[in-house]
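Here is the structure we will look at.
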Number of protein chains: 2
Amino acid sequence: MTLRARGRPEFDDVYRELTRASCRVTGPRKAIVTAFAHLRRYVTPKELHDHLRSAKVRIGLATVYRTLEVLRRIGAASAAPQAHGETAYLFCAISHHHHAVCVRCGRVDDVPCRSVAGFARSLAGNLRFRLTQHKLEFFGLCARCS
Amino acid sequence: MTLRARGRPEFDDVYRELTRASCRVTGPRKAIVTAFAHLRRYVTPKELHDHLRSAKVRIGLATVYRTLEVLRRIGAASAAPQAHGETAYLFCAISHHHHAVCVRCGRVDDVPCRSVAGFARSLAGNLRFRLTQHKLEFFGLCARCS
DNA sequence: GTCTCTGCAAAGGGTTTGCAACGCA
DNA sequence: TGCGTTGCAAACCCTTTGCAGAGAC
């Protein structure tokens, strides 16, 4: 397993999914998608809103919240509730994968979901990512329930 | 790797850690620890508060919040921010480990953190836990930063 | 033209804080 | 007795909602 840096964000994929979900491709939404994809890290709605405003884009905070929720619904963003109560979002490809988050610069690369064996191998040294933390949780049925 | 059901909660370990952290072992804190450990699943502060009140324990919601934060700090609880904005807490042993959460009954068992190889083996069939979902995220330094 | 989206402001809801009384150590 | 803790209520802050006007298709 190797880390695959995301290429140029494919906005068209996102716009297509929006249309498929009966959502409109509006100016504010395009501005949000562009800034969101450009940042390439987890951002809070407020952060994204500030970013847009400082780029002279007149937009409401509520619109950022609503758009991020829509993007999450169509699979173009992943949400990560933070400890402080805020929710951070990451622009990402519309497919199942994991993330490798750099704790220094915040950059996020996609980690394709192959097999657990591949995961183990990568930990042996192939992964060009110095792991310092991992978060792992299992969900399923315990012995009594299954 | 096998699932190890937590034995009788070791309250004394918790009280010892509290003392070590210059925190006092008070009546309200004992009540919270007892109820918290008894529940053996992720609970929100409000849920725990309601549980205590219905058990005729007079206690303030703010105290529950403050105590859960203290327990998290000393390692006796793990916090999991929820999608809705709430934070759920789980009473757990004071050592590094993972969790196996039953999606039906909510029961949580500790999964000792051995090696990744052990993790892979367990997935091959030793784990008496039917996995239906997993959540995995890496934190560290990317190639550029390290 | 229709139906969704937008910005603004107010409401909502979880969490934190200020403070005087309380109670471990 | 000293200092951390508690309960209550108000303050805080992130997020959602209501609504009238604007805009996509």
Evaluation steps, side-chain contact (heavy atoms from CB on, under 4.5 Å), between A:R66 and A:R29: CA-CA 10 Å; A:R66 286 183 282 224; A:R29 285 186 174 166; 5.9 Å; no
Between D:dA24 (C1') and A:R16 (CZ): distance, integer Å: 19 Å
Under 4.0 angstrom between A:Y65 side-chain N/O and D:dT16 OP1 or OP2: no
Selected nucleotide, minimal atom distance to B:V25 side chain, candidates C:dA25, C:dT2, C:dT6: C:dA25
Sugar-phosphate, base or nothing in reach of A:R66, heavy atoms under 4.0 Å: base
Integer-rounded Å distance: C:dG23 P and B:L18 CG: 19 Å
Interatomic distance where CG belongs to A:L68 and P belongs to D:dT16 [whole Å]: 10 Å
Short side-chain N/O contact to D:dT15 OP1/OP2 from A:T87, under 4.0 Å: yes
Evaluation steps, salt bridge (Lys or Arg N to Asp or Glu O under 4.0 Å), between B:R16 and B:D13: CA-CA 5 Å; B:R16 199 176 304 123; B:D13 280 2; 3.1 Å; yes
Base of C:dC5 paired with side chain of A:R29 (donor-acceptor, under 3.5 Å): no
Closest-nucleotide 5' rank along DNA chain C - winner of B:E69 and A:I32: A:I32
Whether B:T67 side chain and B:V64 backbone form a donor-acceptor pair below 3.5 Å: no
A:V33 with A:Y89, same ILVMFWY side-chain cluster at under 4.5 Å: yes
Residue A:C23, side-chain heavy atoms: nucleotide from C:dC5, C:dG14, D:dG4 that is nearest: C:dC5
Exam field: side chain B:H49 to backbone B:I59, donor-acceptor pair closer than 3.5 Å: yes
Protein-nucleotide distance (A:R53, atom CZ; C:dT6, atom C1'), rounded to Å: 12 Å
Sugar-phosphate only, base, or nothing, as touched by A:T44 at under 4.0 Å among non-hydrogen atoms: nothing
Phosphate contact (D:dG4 OP1 or OP2) by B:T26 side-chain N/O below 4.0 Å: no
Length of the line joining B:E47:CD and C:dG13:P, which is rounded to integer Å: 17 Å
Phosphate OP1/OP2 of D:dG7 contacted by B:R58 side-chain N/O (<4.0 Å): no
Given DNA chain C, 5'-ward residue of the pair B:T19 and B:H84, judged by closest heavy atom: B:H84
Options C:dT17, C:dT6, C:dG14, nucleotide nearest the side-chain atoms of B:A62: C:dT17
Atom-pair distance (CD1 on A:I74; P on C:dT4), nearest Å: 17 Å
A:K30 NZ to C:dT4 C1', straight-line distance once rounded to whole Å: 16 Å
Nucleotide C:dC8, atom P - distance to CG of A:L61 in whole Å: 11 Å
